[in-house]
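Only a predicted model underlies this, so the values are computations on that prediction, with no experimental measurement involved. Lettering of chains follows the sequences in order, A, B, ..., and the numbering in each one begins at 1.
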Amino acid sequence: MRYDFKAIEAKWQKYWAEAQTYKAEMPSKKPKYFVLDMFPYPSGAGLHVGHPLGYIASDIYARYKRLRGFNVLHPQGYDSFGLPAEQYAIETGQHPATTTDQNIQRYRQQLDRLGFSFDWSCEVKTSDPSYFKWTQWIFLKLFDSWYDKEHDKARPVSELIEVFRTQGNAALSAACDEKTPVFKAQQWQQMDQDQQADILLKYRLTYLAETEVNWCPYLGTVLANDEIVNGLSERGGHPVVRKKMTQWIMRISAYAQRLLTGLDHIDWTFALKESQRNWIGKSVGALVHFEVKDLNRKISVFTTRPDTIFGVSFVTLAPEHPLVLELTTSEHREEIQSYIQATARRSERDRMADVKTISGAFTGAYVWHPFTKKPLPIWIGDYVLAGYGTGAVMAVPCGDQRDHDFAHFFDLPIPNIFKDTNVDQEAFTEKSGFIIQNSDFLNGLDYVSAMKVVIEQLESAAAGQGQTNFRLRDAVFSRQRFWGEPFPMYYVNGRPQPISPDHLPIRLPHVDQYLPTEDGAPPLGRATQWAWDTERNSVVDNANVDHKKVFPLELNTMPGWAGSAWYFFRYMDAQNEKEFANQEAMSYWKQVDLYIGGSEHATGHLLYSRFWTKFLFDLGLVPVDEPFNKLINQGMILGTSAFVHRLEGTSTFLSNDKVDGQKTQLIHVDVNMVDASNHLNINQFKGWRKDFADADFVTNDQGHFVVEREVEKMSKSKYNVVSPDEICDQYGADSLRMYEMFLGPLEQAKPWNTAGISGVYNFLNKLWRLYIDDQNRLKVEASEPSAENLKTLHKSIKKVQDDIEGFSFNTSVSTFMIAVNEFSTQSCQSKQVLEPFLILLSPYAPHIAEELWHRLGHSTSVTSQSFPELNEALLVEQTKVYPVSFNGKMRFTLELSLDMDKAALETHVLKHDQTVSQLAGHKPKKVIVVPGKIINIVY
RNA sequence: GCUCAAGUGGCGGAAUUGGUAGACGCGCUGGAUUCAAAAUCCAGUUCUUUCGGGAGUGUGGGUUCGAUUCCCACCUUGAGUACCA
């Protein structure tokens, strides 16, 4: 008899929900463990089998930690602001909140069927006003903070004002705009309020500035750097252009160094840390100033190789560099101008795609070399980017390939400063293995000492200084969208004013449509109720704006990453209306111990979350400055698409083995019409689409129609989507959970193949039949288990424990199968073996484990038991003996199957002494006994 | 181009410190059961073979008594990143 997984799963899901089995304790004396999933965006398509992979893994881990005596916080929520709901709203006129709610309900139903041990009492939704109230609150905190570089932390703006009032800003080391004027205390005191406000804005951690932004005309919004892939929008793949706009910006660059060093103390994969390091892009070098000949101007360049300063043969500016037109001589003016225009016409995309073509123009002007005092020509070239460093480089053709290419192309000199190298064909770009020549005071030095000497010389000649550059840019925080958090900001004379935190949340206004307005203002520009009354402290009708008491509100909304940058703290105390989470809860839960999610967030979400956490830490609002201790990226589950061959220009379909070189078109067919042997259900296929109804089918010799298979990303348009609901209907949630784990290593991408699930499904049925007879009666005995039974059990305990702790969930599934096969051949009916086995199985297949556990007469949940204790002594296996060396002295290595303590090891060695002696033909002279797996015996 | 990861049967994959390669599952083959099918159970399933064995973890070398595992070079695939000075 097959087990009735539907009834069993529904029964226990209800039981767990009613008993609140998985509610985290608070307060608690137990050790804590916080297991977090990256919360989903609730899309209209619902879940496919790929989505729950990470949730299953984290659920197994959370359940394991509970069995280990931890108080586990394992929450779930929704990242429910976002573009798809808004685009759907634009098309249909439905309010995004409505569709989002529907989608959330659907997600919840689908999630509930899988038996997750989520604590839903602390669910969060980023689009819920009770949640985004605190997102707005944190924004206000950022607005009210500046970054003190001296103490390396954020501080309140009130303290900055105090510094300005008493000392001015000359001696202040703070993160601020490059063009901030220097002023004395007295000057500050004489400024009016507006002037002071403008200065303060240059220091705030979130500030308003006009910048070149990535504007996507199709989406009608700006995008952050990490939302752009190859010059196209990440979502939808629409072209992106540069545009000047006034935007809210996050001063994440202030945290660049801490975001970098923080990586050393967290348990992430090397690859992930590396991509964050690349994104932050620290480069250590020097700023070098070159005086322009016959013009009272300086060109500053950033270089990581100041040691090559005597190899400079020219200077190249980006075409957009502000000094270009000023220093260009009259006879080169025309050429330079046409070059600038030509580059401006080239889109960002062309410029990126085409890195081979070398182009540039000579300005006719020269700079003085800071040491040799010889003139060097100034060129412009589009290989120099305006956005990085100073937009100018000192060209060292012998040490940089791009400079070499440029020099070669325009026939500029290539002086060689590296002794015993040949730089005629290509540059010498190594940072070691050379001695410097032709370089005055650097002659004979290597890279390390030359770097030190040259920076000293630059500084004493006032021609430059050591400097560290970061690639990390400040993050644009405004979006011209409707479905996001409104900014708690209004404008007085064009200057931003914060709304007091007491009046949060600021809710989204009603709009008639969700499109940008005709004149290009964001969708909130359509709202009629969207002005701030400073007397009544409420949102009022726009018609009331009088610029005395009633002012216009900000029209932009916050980006998608705002709500997800801090949600993990909210789970700790999700219902709190007075704080984003109380201190007691936060000092207990501290940080996320295990975070599981996709690698697509490697540079976006994970970087912004770390930034906000560090900021909140600086203000003493949270107890940790890194949010996620251990992080695992689960791999994507791919779809196995099915195709049929259609003979070109006909309606004849050929089975895969009948194609035989004929010209065919491949057509996607729904994978649900294909069986495990790749045979197409022809009748279903005919009914699938009208134009296939009368088609002819050429089958193989067995009368089957075989389809072509290919692994692709799972997507609706490829008809390869498999829904978890179908799988739950057919095989049950326990089968789905185990099969997803069984598919392969968690972090690896792997194809889904529904046919394979029969393996785990059969396993669960086998387990059921082993202990439940045809009359639905329990078949267990309370007799002493045999040594064999115990060995199988403890082998499984050891393996499953090691697997879970090492996140190798796939091999545990095999372990369970092996165990049940062995129990079956051993006819193991022992209750003493079954009970611990069920506890062991419960993280993977909680429903069937719970059912059998209760049938054994227990009244409490199997998931609240303790992980079975391992008896390693039961696991000692045949000792293996290997010869180690034959030269004169005989030496053997004895390998034992497990760690054991010293006494057990000595007994074991004595036992195996005979075997060893027989093999070697000698008595051992010395036995080295080390607690551990391998010992040496010397003869 | 650079960085990282990975290449093992027909397929997904296992081998956790260098120690019986291919666990476990899918698929396939044969058998039992059945009027038949499904389901279930049993046996087999890397290749090759003169049935002794031989070869075998992308390719070619190296270290070792012993290498899927460590080292070097190369090839292929995937991911990330890209005129970053």
Item checked: Aromatic ring pairing A/His369/A/Phe290, orientation class (parallel under 30°, perpendicular over 60°, tilted between) -> perpendicular
Next item on the list: Indicate the ring-plane relationship of A/Phe837 and A/Phe816, choosing parallel, tilted or perpendicular according to the 30° and 60° boundaries.
Entry: perpendicular
Under 3.5 Å, N/O pairs linking protein and nucleotides 4-13 of chain B:
from  : atom 1 : to       : atom 2 : distance (Å)
B/G12 : O2'    : A/Leu743 : O      : 2.6
B/G13 : OP1    : A/Gln748 : NE2    : 2.7

Please name all residues satisfying ring-ring contact (aromatic ring centres under 6.0 Å, His included) with [X], sequence neighbours left out, ordered by chain then number.
X        : answer
A/Tyr64  : A/Phe867
A/Phe643 : A/His668
A/Tyr739 : A/Trp752

Going by the rule side chain to side chain donor-acceptor pair (under 3.5 Å), which residues pair with [X] if we only count those two or more places apart in sequence or in a different chain?
X        : result
A/Tyr761 : A/Arg2
A/Lys298 : none
A/Ser758 : none
A/Lys6   : none

Margin query: It should be established whether A/Ser283 places a side-chain nitrogen or oxygen under 4.0 Å from OP1 or OP2 of nucleotide B/A85.
Written below: yes
Margin query: With a 4.0 Å limit, can you tell me whether A/Asn821 has a side-chain N or O closer than that to the phosphate oxygens OP1/OP2 of B/G25?
Written below: yes
Expressed as a whole number of angstroms, how long is the span from [X]:[atom1] to [N]:[atom2]?
X        : N     : atom1 : atom2 : answer
A/Arg277 : B/C2  : CZ    : C1'   : 16 Å
A/Glu320 : B/C83 : CD    : C1'   : 13 Å
A/Met451 : B/A85 : CE    : C1'   : 13 Å
A/Leu385 : B/C83 : CG    : P     : 6 Å
A/Asp802 : B/U17 : CG    : C1'   : 14 Å
A/Leu767 : B/G25 : CG    : P     : 14 Å
A/Lys795 : B/A14 : NZ    : P     : 19 Å
A/Trp379 : B/C83 : CH2   : P     : 23 Å

Next item on the list: Please work out if A/Thr269 contacts a base, only the sugar-phosphate, or nothing of the nucleic acid, heavy-atom cut-off 4.0 Å.
Entry: nothing
Note to self: Both A/Gly759 and A/Arg471 contact RNA chain B. Taking the nearest nucleotide for each, which residue is further toward the 5' end?
What the structure shows: A/Gly759
Next item on the list: Check RNA chain B against residues 400-409 of chain A and give the residues with a non-hydrogen atom under 4.0 Å, in numerical order.
Entry: A/Arg402
Next item on the list: Return the set of residues passing salt bridge (charged side-chain N to carboxylate O under 4.0 Å, His left out) with A/Glu274 (not counting sequence neighbours), or none when no residue passes.
Entry: A/Arg277
Atom pairs under 3.5 Å: protein N/O with N/O of nucleotides 40-44 of chain B:
from  : atom 1 : to       : atom 2 : distance (Å)
B/U40 : OP1    : A/Arg2   : NH2    : 2.9
B/U40 : OP1    : A/Asn762 : OD1    : 2.7

Check: Excluding sequence neighbours, so at least two apart, what forms side-chain contact (heavy atoms from CB on, under 4.5 Å) with A/Asn469?
Finding: A/Ser283, A/Phe302, A/Tyr388, A/Gln467
